[in-house]
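Worksheet: the structure to be examined is printed underneath.
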Amino acid sequence: MTETLIPPIEESLADLDRLDLRTRMFIDGEFRDAAGGDRFVTENPATGRPITEVAEGGPADVDIAVAAARRAADDGRWSRLDPGARKRILIAWADLIETHARELGLIETIDAGKPITDTVGLDMPETAACIRWHAEAVDKLYGQVAPSPEGTIATITREPCGVVGAVIPWNYPAQMAAWKLGPALATGNTVVIKPASTTSLSLLRIVELGSEAGLPDGVVNVVTGPGGTVGEAIGRHPDIDCVAFTGSTEVGRRFLHYAADSNLKRVLLELGGKSPQIVFGDVSDLGSVAANVAVAIFWNMGENCSAGSRLIVHRSRKAALLEAIESELASWPVGDPLDPATRIGALISKDQMERVLGYIDIGRQEGARVVTGGSRILEETGGWFVPPTVFDRVTNDMRIAREEIFGPVLSVIEFDTEAEAVAIANDTPYGLAASLYTHDLDVAHRVAREVRAGVVGINAYSEGDMTTPFGGYKQSGFGGHDKSVHAHDQYTETKTIWIQLRPPA
Ligand code: NAD
């Protein structure tokens, strides 16, 4: 269904003029200006030009939103609603997101620079699918009865945490919101969510659709604005019970401080990565490996937490694989994100582009060799475009192999033995994802166990699907996992009720 939704570029341009953007915060069921009346400009990364102004919230707005979420949590208008009714509302919401996929995808494309084929064809259907998946679980989540001694009954039930704060990044604005909202709402919480300030627009429309679907007022509240004010106010708020953060490791660390300095709220962290892709010497179909490698690092312009940014390849296959990757890149056109042919759109901002170009300079200075890409392109558009860039002759101690670049930059590192490949893969502060390519079942199983990462793809780049948890080891985060039933654990408290039965009279 999604393919037919992806508009030809002329239609997208016509639709742009018809877009009615939501630019005010959404609190207690209605759109509002920021308490201080401030607004900030959000721009189109593909043109560098302003799209509109968005309400710039601050701590006072977080207070108002948290008060609304608290009232909704305390009076049980959501948590005590019949589970079947909650399920129906969430499913209706997912359906609305799907039927508005084209409008929402267009909003996401102009706000985030992401190719329209991805936003309409993937991001929005996945956003709807995530909400629907969790919705379907609402009336299938059971508690337990413990094997307690005769004369007692002990039940173990799950209760919502209460008010969840969510702070999300700009790379998958709608999907990251759904990864938090789906499980948090399915388990009966109310939410105050802050999108990244560069990408507020899709979420504001999505929550409006939530209201239309029947979400009671105050259950989902959106405060827009900068991380340093709105994000910090959420992190420190004494009346937020749990905060779910997706973003950089640096800011994730701050959330631990915020919680420690305030009310010890539960902190869930989904952070950065420097994920390895290991290609063993026995692989035969290098064309298919190259296609997977390209998706792993160049999909979403490399602005992907699980991007496979380190290609660790057996010395015997490196030259052939590099050739295969170069051929594969012929089918990765960079350009106008509104063009359905585009696979690589614009980086999110000028700052991000400069950061990526800065790392490319560092790679050159460190002695790595640029095989393809390596400089800004399409400057005449005013947008922030960097083509797929591949560095050969990288060693794992170089900064381009250690630090998260969050752009379309692949570092190629050679190895000779399996032990060496595993050691290189694990020699990183991160542990979000990994992929490995081999036809040898023993090697595949052994290495999948030895690599310290939350998600390991074998013979494919994959983050799994809604049925599998997603989350990292080491400095890629902790505290829980997004997706799957595991996500429900992180938004619930476990309650034991111990009943002493009176003996027969
Ligand atoms: P970021 O850490 O800069 O920002 C994330 C969010 O935190 C934004 O909403 C931002 O406004 C807010 N923020 C910024 N400074 C803050 C502060 N001082 N206090 C409170 N909040 C603050 O990250 P980003 O640049 O938006 O996104 C890129 C990062 O996100 C990458 O490191 C990437 O790996 C990570 N990421 C991780 C996952 C995952 O599931 N593990 C998914 C997507 C992105």
Side-chain angles (χ1 to χ4, degrees), residues 40 42 45 54 56-59 62 111-112 114 123 126 130 165-180 192-200 203 222-237 240 243-259 261-262 267-275 297 299-309 347-349 351-353 355-356 403-407 428-433 453-455 463-464 468-483 487 490:
F40 66 94
T42 188
V54 175
E56 181 172 340
V62 173
D111 207 20
K114 293 159 67 92
D123 291 64
E126 290 287 319
C130 174
V167 177
I168 57 170
W170 41 257
N171 57 343
Y172 295 92
Q175 274 195 77
M176 290 300 105
W179 282 21
K180 309 298 182 207
V192 174
I193 183 167
K194 185 196 101 59
S197 41
T198 37
T199 52
S200 312
L203 181 59
V222 181
V223 182
T224 47
T229 48
V230 176
E232 178 163 348
I234 289 176
R236 292 188 182 279
H237 205 287
I240 288 182
V243 71
F245 171 76
T246 295
S248 60
T249 296
E250 182 197 343
V251 176
R253 205 181 294 279
R254 291 184 191 215
F255 274 89
L256 294 174
H257 286 289
Y258 300 156
D261 294 345
S262 57
V267 180
L268 311 169
L269 300 177
E270 295 287 0
L271 308 175
K274 196 73 193 174
S275 298
I297 180 62
W299 176 40
N300 210 52
M301 294 66 76
E303 294 170 331
N304 185 6
C305 53
S306 63
S309 48
L347 294 177
I348 187 70
S349 62
D351 281 356
Q352 182 65 10
M353 180 189 70
R355 179 186 150 92
V356 170
E403 297 172 23
E404 187 180 42
I405 298 174
F406 223 57
T428 168
Y430 297 108
L432 191 53
V455 182
E463 292 184 355
T468 55
F470 181 81
Y473 285 21
K474 303 198 274 182
Q475 292 185 37
S476 290
F478 64 85
H481 283 90
D482 281 330
K483 303 199 300 181
Q490 54 191 27

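Index from 1, following the sequence. Keep in mind the model is a prediction, meaning the values are calculated, not measured. For ligands, and for the atoms within them, numbers begin at 1 and follow the listed sequence. Both backbone and side-chain heavy atoms feed into the values below; hydrogens, waters and symmetry mates do not.
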Is there any N or O on [X] that sits under 3.5 Å from an N or O of ligand 1?
X: Ile168; answer: yes
X: Pro226; answer: no
X: Trp170; answer: yes

Would you mind telling me if ligand 1 is within reach of the side chain of [X], the backbone, both or neither, using heavy atoms under 4.0 Å?
X: Glu404; answer: side chain
X: Glu303; answer: neither
X: Ile234; answer: neither

Numbered atoms of ligand 1 (with element) below 4.0 Å of Phe255, judged on heavy atoms |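 By the 4.0 Å cutoff, the relevant atoms are 20 (C), 21 (N).
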Check: of Leu271, Ile405, Thr249, min heavy-atom distance to atom 41 (N) of ligand 1 comes from Leu271
Considering only protein heavy atoms, which is closest to [atom], and at what distance to one decimal place?
atom: atom 10 (C) of ligand 1; value: Lys194 NZ, 3.9 Å
atom: atom 27 (O) of ligand 1; value: Pro169 CB, 3.3 Å
atom: atom 36 (N) of ligand 1; value: Cys305 CB, 3.4 Å
atom: atom 43 (C) of ligand 1; value: Asn171 ND2, 3.2 Å
atom: atom 33 (C) of ligand 1; value: Phe406 CE1, 3.1 Å
atom: atom 1 (P) of ligand 1; value: Ser248 OG, 3.6 Å
atom: atom 19 (N) of ligand 1; value: Tyr258 OH, 2.7 Å

pair Phe245-Ile234: side-chain heavy atoms closer than 4.5 Å
no
>> Can you confirm whether Arg236 sits close enough to Tyr258 that some side-chain heavy atom of one is under 4.5 Å from a side-chain heavy atom of the other?
In response: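 Side-chain contact under 4.5 Å: yes.
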Heavy atom of protein closer than 4.0 angstrom to atom 4 (O) of ligand 1
no
Taken to the nearest 0.5 Å, the spacing of Thr246 OG1 from Leu271 CG works out to 7.5 Å
Query raised in the report: Heavy atom of Tyr172 under 4.0 Å from ligand 1?
Result: no
For a quick test of reading the model, state the closest non-hydrogen atom pair linking [X] to [Y] and the distance between them.
X: Thr229; Y: Pro59; result: CB-CD, 4.4 Å
X: Phe406; Y: Val356; result: O-CG2, 4.1 Å
X: Glu404; Y: Gly273; result: OE2-N, 3.0 Å

inquiry  = For the backbone of Ser309 and the side chain of Lys274, can you confirm whether one donor and one acceptor N or O come within less than 3.5 Å of each other?
reply    = no
Should the ring pair Tyr172 and Trp299 be called parallel, tilted or perpendicular, given that the plane angle runs from 0 to 90° and is split at 30 and 60?
tilted
